[in-house]
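Working notes, beginning with the structure itself.
Computation of the quantities below employed the complete heavy-atom set of this structure, encompassing side-chain atoms and omitting hydrogens, waters and symmetry-equivalent molecules. Quick note: residue numbers are just sequence positions, from 1.
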Amino acid sequence: MKRPSRNDCGPVRLTVVVHADMLVCIDNPRREIADGAVAFRGGEIVAVGTTTDLARLIGTADEVVQARGCVVTPGLVNTHHHLFQSLTRAVPGAIDAPLFGWLKRLYPIWARYRPEDVFAATQLGLAELAMSGCTLSTDHLYLFPDGVTLDDTIAAAEGIGIRFHPTRGAMSVGTSAGGLPPDSLVEDEAAILADTIRVIDRFHDPAPGAMVRIGVAPCSPFSVSQGLMRDSALLARDKRVMLHTHLAEDADDVAFSLERFGCRPGAYAESLGWTGPDVWLAHCVQLDQAEIDLFARTRTGVAHCPCSNCRLGSGIAPLRAMVAAGVRVGLGVDGSASSDSGNLLQEARQAMLLQRAVGGAAAFDPRAALFLATRGGAEMLGRDDCGSLEVGKRADIAVWDMADLSSTGAWDLVAGLILSPPWGARDVFVEGRAVVRNGTLAQADRDGIVRAAERSVARLKELA
């Protein structure tokens, strides 16, 4: 399989986006530029300013993109997903279940997956993300039935065109050993580590502008052994890649940690080497103040997934307290079997609303939510080359038409992007290449993606 490359751009073209009603840079000065413009040559941003400031480039550009009536932002960054779950939305028996019951209902269905199902699910989920303005997504694939490999997801992502950080997940402790997953879905730990090394060596690209980076991601404390958690951390650090797992997702998760390990999830993670700037943890809904302080001190990241947390009744994560303490936070849509959709603007809106529900109307600002959805997530994933519109950064850009039915009437357009978000992005560029143009996928066949997903869903329903 050919590795997606930042250099596969063909001729280096100069593109200038002009006359944006507001260009939101998410840089250190937090510039918001009226009648804004951004120019990029190939995959790199070469100029940012007003349309007048960039007039000299407009005349020599290969393409000029008009953005009147639009807000232009950095592309959105999704820090937690299970793309394979896109084929199991709204499954009866899982609709009203909490986390552990939800998993037990879905594990037997997921055990029937084939490589073509994972490919179809990944393309479906990434297409949905791209249409909603996402330019970089992680993925946490932790089950590998019937010949499925991480390679299937990487091939799928290449066809959509967005930046991709898949993680090689794993489950090694089945029900017979006191774990949650069925024994049929767990793997031998030596085989897990060997395959993790294989995919890192084959696909991981540490260079600036990388389209693919690999992470190491044993699924959760209730589905892998302490030994695998430790060995995974050692492997990731030897290979200089990042670490990811679920932690403190709901009250049952915390109770399991106390009963099995004799400590809270944060202390358990720390004891196994699972804190630090190369670690990001999904959910963290049930953190206490000591755990928040630990993650702030060690620069451990948190992927906040508010819609999924609501759907599963997991609780409201202490987002405001985490941000105030200095914890690095990004947003994640989580799997589409629990969040039911993959729209990061909606996640940003939900994150803001939940903090206001418990902390008052001024508890969380729309611009703070937009930061988490862009630069916050990029920095947490170690991508200082993405997440803001600045000269030298990668050309990952979203153009939002604020004349959309759901956004018309917004006075403050930047706040309106979160408070009254458009249904999707008008245009999306990743590494300077169009992924979405005029609300349509530019590199992939939408109808073909849907047909493939429908075939897989029909087969899974028959087997279920």
Side-chain angles (χ1 to χ4, degrees), residues 1-8 79-85 110-111 113-123 125-126 136-160 162-174 181 183-207 209-220 223-246 272-274 278-280 282 381-383:
M1 180 188 301
K2 174 176 167 290
R3 175 191 286 184
S5 169
R6 61 195 177 280
N7 297 317
D8 295 340
T79 65
H80 184 63
H81 208 320
H82 307 293
L83 287 160
F84 73 90
Q85 294 179 10
W110 298 336
Y113 271 48
R114 296 172 178 170
E116 61 267 28
D117 302 320
V118 169
F119 183 95
T122 302
Q123 286 221 314
L126 290 178
L136 165 60
S137 181
T138 61
D139 184 37
H140 189 185
L141 180 62
Y142 53 77
L143 43 78
F144 298 87
D146 201 11
V148 169
T149 66
L150 201 68
D151 311 43
D152 302 316
T153 68
I154 295 168
E158 185 176 5
I160 302 299
I162 75 171
R163 232 177 270 282
F164 195 43
H165 283 212
T167 61
R168 207 303 182 177
M171 298 190 293
S172 67
V173 179
D183 290 345
S184 63
L185 281 177
V186 302
E187 298 176 89
D188 173 76
E189 294 189 352
I192 290 167
L193 294 170
D195 191 58
T196 303
I197 292 169
R198 179 190 69 82
V199 294
I200 293 170
D201 290 346
R202 184 175 185 186
F203 294 110
H204 181 69
D205 184 357
M211 291 298 292
V212 176
R213 288 186 181 173
I214 306 296
V216 180
C219 182
S220 63
S223 59
V224 301
S225 70
Q226 294 182 37
L228 183 60
M229 290 291 287
R230 288 194 187 95
D231 289 345
S232 295
L234 291 171
L235 170 59
R237 283 165 183 143
D238 178 63
K239 292 290 188 179
R240 298 186 179 183
V241 300
M242 293 192 71
L243 285 157
H244 185 52
T245 194
H246 297 89
L272 298 173
W274 274 76
D278 57 351
V279 177
W280 88 103
L381 296 176
R383 298 303 300 249

When rounded to the nearest 0.5 Å, the distance separating CD1 of Ile197 from CZ of Arg168 is 11.0 Å

Across all chains, not counting sequence neighbours, the side-chain hydrogen bond (donor to acceptor under 3.5 Å, both in side chains) partners of Ser223 are Ser220

- Query: Are Thr167 and Met242 close enough, and set up right, to give a side chain to side chain contact (heavy atoms under 4.5 Å, CB included), and what steps lead you there?
  - Reply: CA-CA 9 Å; Thr167 61; Met242 293 192 71; over 6 Å; no

For Thr153, the side chain to side chain contact (heavy atoms under 4.5 Å, CB included) test, sequence neighbours excluded, returns Val118, Thr122, Asp139, Leu141, Leu150, Phe164, Pro166

Closest non-hydrogen atoms of Leu126 and Ser137, given as atom of the first, atom of the second and distance, are CD2-CB, 4.0 Å

In this structure, CG of Leu136 is separated from CD1 of Ile162 (nearest 0.5 Å) by 7.0 Å

The side chain to side chain contact (heavy atoms under 4.5 Å, CB included) partners of Arg198 (sequence neighbours excluded) come to Thr149, Asp151, Asp195, Arg202

Across all chains, not counting sequence neighbours, the side chain to side chain contact (heavy atoms under 4.5 Å, CB included) partners of Asp146 are Arg114

dist Thr79:OG1 -> Leu381:CG (nearest 0.5 Å) comes out at 6.0 Å

Ser232 vs Leu193 side-chain heavy atoms within contact, under 4.5 Å:
yes

Side chain to side chain donor-acceptor pair (under 3.5 Å) test vs His165 passes for just one of Arg383, His204, His81, Arg213, namely Arg383

Sorted by chain and number, sequence neighbours left out, side chain to side chain contact (heavy atoms under 4.5 Å, CB included) with Glu189 holds for Ser172, Ser225, Leu228

Residues passing the ring-ring contact (aromatic ring centres under 6.0 Å, His included) test with Tyr142, sequence neighbours excluded, are His82, Phe84, His140

When rounded to the nearest 0.5 Å, the distance separating CG of Asp183 from CE of Met171 is 10.5 Å

Sorted by chain and residue number, the side-chain hydrogen bond (donor to acceptor under 3.5 Å, both in side chains) partners of Asp117 (sequence neighbours excluded) come out as Ser456, Arg459

With sequence neighbours left out, the residues meeting side-chain hydrogen bond (donor to acceptor under 3.5 Å, both in side chains) with Trp274 are none

Taken to the nearest 0.5 Å, the spacing of Asp152 CG from Gln123 CD works out to 11.5 Å

When every non-hydrogen atom of Pro181 is compared with those of Val186, the smallest separation belongs to CG-CG1, 4.0 Å

Sorted by chain and residue number, the side-chain hydrogen bond (donor to acceptor under 3.5 Å, both in side chains) partners of Asp278 (sequence neighbours excluded) come out as Arg237

Do His80 and His246 come close enough that some side-chain heavy atom pair is under 4.5 Å? yes

Evaluate the side-chain proximity of Asp205 to Met211: yes if any heavy-atom separation is below 4.5 Å, no if none is.
no

